[in-house]
Amino acid sequence: MFFLTPIYLILHLVTLTSATPLVNTDHHITHSLSARNRVSLVDKHIIKELKPYIHFARTGYCSFESLAPWKCGEPCDKVKGVSMLSMGGDGFAEPNWHIVYWKERNELISIHEGTAAEKFSSIAIDLQFPLRPINPKYFPRAPHDVKLHAGFQRAFETTVQGHLETLLNYLENGVYLSEEGKHYYPKSIVVTGYSMGGAVAQLMALYLRQHPLLHCPVRSISIGAPQIGNRAFAEWADKVFSPLYHNNIRIVNKKDPIPGLLNSMVGLLYEYLHSGVEYHVMEDGIAWIDCGTEDNYGQDPQCSNVNKWIDPRNAVDHMNLGKHSMLHVCDRDQKVNYWKQW
């Protein structure tokens, strides 16, 4: 996100001084922020099933030219059997996005670009942090008191139409794989993204789960995503993503500052809360813990929201996850390091 540029870090320091289910489907919990869920280790088999979506999210920064043949470098190499279906966005006012078919799990994957730190128009999306009423055009059943980050809501609105048309087409008509000469009919949709892309991904999944023409499972799996809306949003979103408690998974790496940044910066003006469940990658980079819902935050020192003040030195935990960089990984011969551009 733009938050990781040196210019931003200086400003922030001033601010401080002033198909196969991913989880056991029998694991049900009442979706309310008043319900507590004990912090527990995430099963290694669940981690293994989630890791491919991290690589999908990493492709959000890759060029359309490299994505079309699925030859974008390491992120594409990590996930096999992928067919590109649709791409959109201008990388500026409309963040880039792409939709692929993943044969291994018979899924449609919707992938959203994070903040491009070298583009002011992309940074401007993040800067629109005031909470605004949710748009009833896209979320007609949302309670009247639900409010969203103005920039993330606008970014979602620029991408939604192209997404919906593509997904409906391939769900109805199937995906034709010419090398096999046959059609495959996807059984589910996963929406993913990194950083700002994770915020847009959550809104897209929320929209798709409520759309009357979609009748398949839709999940959100985001990486390093910031907070999106107020408490009313978090409570309502958790209800929409139920009854499967882990339909909205947020993966947070170590001391990544971005998931709690909005409350750290503007918490006195706006109340931001997360929806969904946090899977937190521990300091060893191997163990993950299930931190439960937002209501559980602050109660266990292993989870991300215990730090009320953001330490810019932890920015490296946002730019990396495990052994993998989230930013400058695309196009073997055209690597982009946004950090060095400043």
Side-chain angles (χ1 to χ4, degrees), residues 1 19-23 46-62 67 70 72 74-76 78-89 95-115 152 155-156 159-160 162-164 166-167 170 186-209 216-226 228 237 241 244 246-253 256 258-259 274-279 281 288 318 321-322 324-327 329-330:
M1 293 183 72
T20 302
L22 295 178
V23 297
I46 295 176
I47 296 175
K48 182 178 179 180
E49 291 212 49
L50 287 172
K51 281 187 174 180
Y53 301 105
I54 296 173
H55 298 300
F56 278 121
R58 296 169 74 208
T59 68
Y61 284 113
C62 299
L67 287 170
W70 203 246
C72 65
E74 188 203 9
C76 290
K78 289 290 185 179
V79 191
K80 304 296 185 181
V82 177
S83 302
M84 178 58 62
L85 301 180
S86 182
M87 297 178 284
N96 289 338
W97 55 269
H98 51 283
I99 298 174
V100 302
Y101 172 68
W102 189 20
K103 180 183 173 183
E104 179 179 316
R105 298 188 186 172
N106 197 23
E107 289 179 333
L108 295 174
I109 315 291
S110 166
I111 302 154
H112 297 263
E113 178 190 28
T115 305
F152 299 156
F156 155 76
T159 66
V160 64
H163 259 73
L164 181 62
T166 298
L167 294 170
Y170 286 104
K187 300 298 184 183
S188 61
I189 298 170
V190 173
V191 193
T192 188
Y194 158 72
S195 198
M196 178 185 72
V200 176
Q202 290 177 60
L203 291 176
M204 184 65 70
L206 191 64
Y207 168 78
L208 294 174
R209 284 182 67 86
C216 69
V218 179
R219 295 172 295 201
S220 169
I221 301 172
S222 61
I223 296 88
I228 303 174
F241 280 107
L244 299 182
H246 290 77
N247 270 341
N248 184 6
I249 298 171
R250 295 179 296 97
I251 300 173
V252 178
N253 185 48
D256 182 349
I258 298 304
H274 279 294
S275 64
V277 62
E278 176 186 328
Y279 280 1
V281 182
W288 293 18
H318 184 67
L321 202 161
H324 305 290
S325 170
M326 299 299 297
L327 288 176
V329 295
C330 306

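All heavy atoms count here, side chains included; hydrogens, waters and symmetry mates do not.
- By the ring-ring contact (aromatic ring centres under 6.0 Å, His included) test, His55 is found to be paired with His324, residues two or more places apart in sequence or in another chain being considered.
- Looking at residues two or more places apart in sequence or on another chain, you find no ring-ring contact (aromatic ring centres under 6.0 Å, His included) involving Trp288.
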Item to check | Trace of the side chain to side chain contact (heavy atoms under 4.5 Å, CB included) decision for Ile46 with Tyr279 | outcome: CA-CA 11 Å; Ile46 295 176; Tyr279 280 1; 4.0 Å; yes

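- Distance check, rounded to the nearest 0.5 Å: CD of Glu278 to CD1 of Ile251 gives 10.5 Å.
- For the atom pair Asn247 CG and Ser275 OG, the distance stands at 11.5 Å (nearest 0.5 Å).
- For Tyr207, the ring-ring contact (aromatic ring centres under 6.0 Å, His included) partners at least two apart in sequence or on another chain are Phe156, His211.
- Taking Tyr101 as the reference, Asn106 meet the side chain to side chain donor-acceptor pair (under 3.5 Å) condition, with sequence neighbours excluded.
- One finds the CE atom of Met204 at 5.5 Å from the OG atom of Ser110 (value rounded to the nearest 0.5 Å).
- Between Arg58 and Tyr194 there is no side-chain heavy-atom pair separated by less than 4.5 Å.
- Between Glu104 and Pro52, every side-chain heavy-atom pair lies at or beyond the 4.5 Å cut-off.
- Closest heavy-atom contact between Cys76 and Leu67: SG-CD2, 4.4 Å.
- For the pair Ser188 (side chain) and Glu107 (backbone), a donor-acceptor distance under 3.5 Å is absent.
- Under the rule for a side chain to side chain donor-acceptor pair (under 3.5 Å), the partners of Thr59 that lie at least two apart in sequence or sit in another chain are His98.
- Remark: Lys78 pairs with no residue by the salt bridge (Lys or Arg N to Asp or Glu O under 4.0 Å) rule, at least two apart or across chains.
- Looking at residues two or more places apart in sequence or on another chain, you find a side chain to side chain contact (heavy atoms under 4.5 Å, CB included) between Ser220 and Gln202, Ala205, Phe241, Asn248.
- In this structure, Arg209 and Val218 approach most closely via the heavy-atom pair NH1-O, 2.7 Å.
- Considering every non-hydrogen atom in both Gly89 and Trp97, the closest pair reads N-NE1, 3.6 Å.
- With contacts defined as side-chain heavy-atom distances shorter than 4.5 Å, the pair Ser86/Tyr170 does not qualify.
- Atoms CE and CD1, on Met84 and Ile111 in that order, are 6.5 Å from each other to the nearest 0.5 Å.
- Residue Tyr61 comes nearest to Gly114 through the heavy atom pair OH-C, 3.4 Å, listed as atom of the first residue, atom of the second, then distance.
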Next on the checklist: Under the criterion side chain to side chain contact (heavy atoms under 4.5 Å, CB included), I'd like the reasoning laid out for Phe56 against Val82: C-alpha separation, chi angles, the key distance, then a yes or no.
Outcome noted: CA-CA 10 Å; Phe56 278 121; Val82 177; 3.9 Å; yes

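- Between His274 atom NE2 and Ile228 atom CD1 the span is 8.0 Å, to the nearest 0.5 Å.
- In this structure, CD1 on Ile109 lies 8.0 Å from OG1 on Thr192, to the nearest 0.5 angstrom.
- Side-chain contact between Val191 and His112: present, with at least one pair of heavy atoms (C-beta onward) separated by less than 4.5 Å.
- Results of the side-chain contact (heavy atoms from CB on, under 4.5 Å) test with Met326 over Asp256, Ile223, Asn253 single out Ile223 as the only residue that passes.
- The heavy-atom pair separating Ala201 from Gly193 by the smallest distance is CB-N, 3.9 Å.
- Using a 4.5 Å heavy-atom cutoff, the side chains of Leu208 and Leu164 are in contact.
- When all heavy atoms are compared, the tightest approach of Val100 to Trp70 is CG1-CZ3, 3.9 Å.
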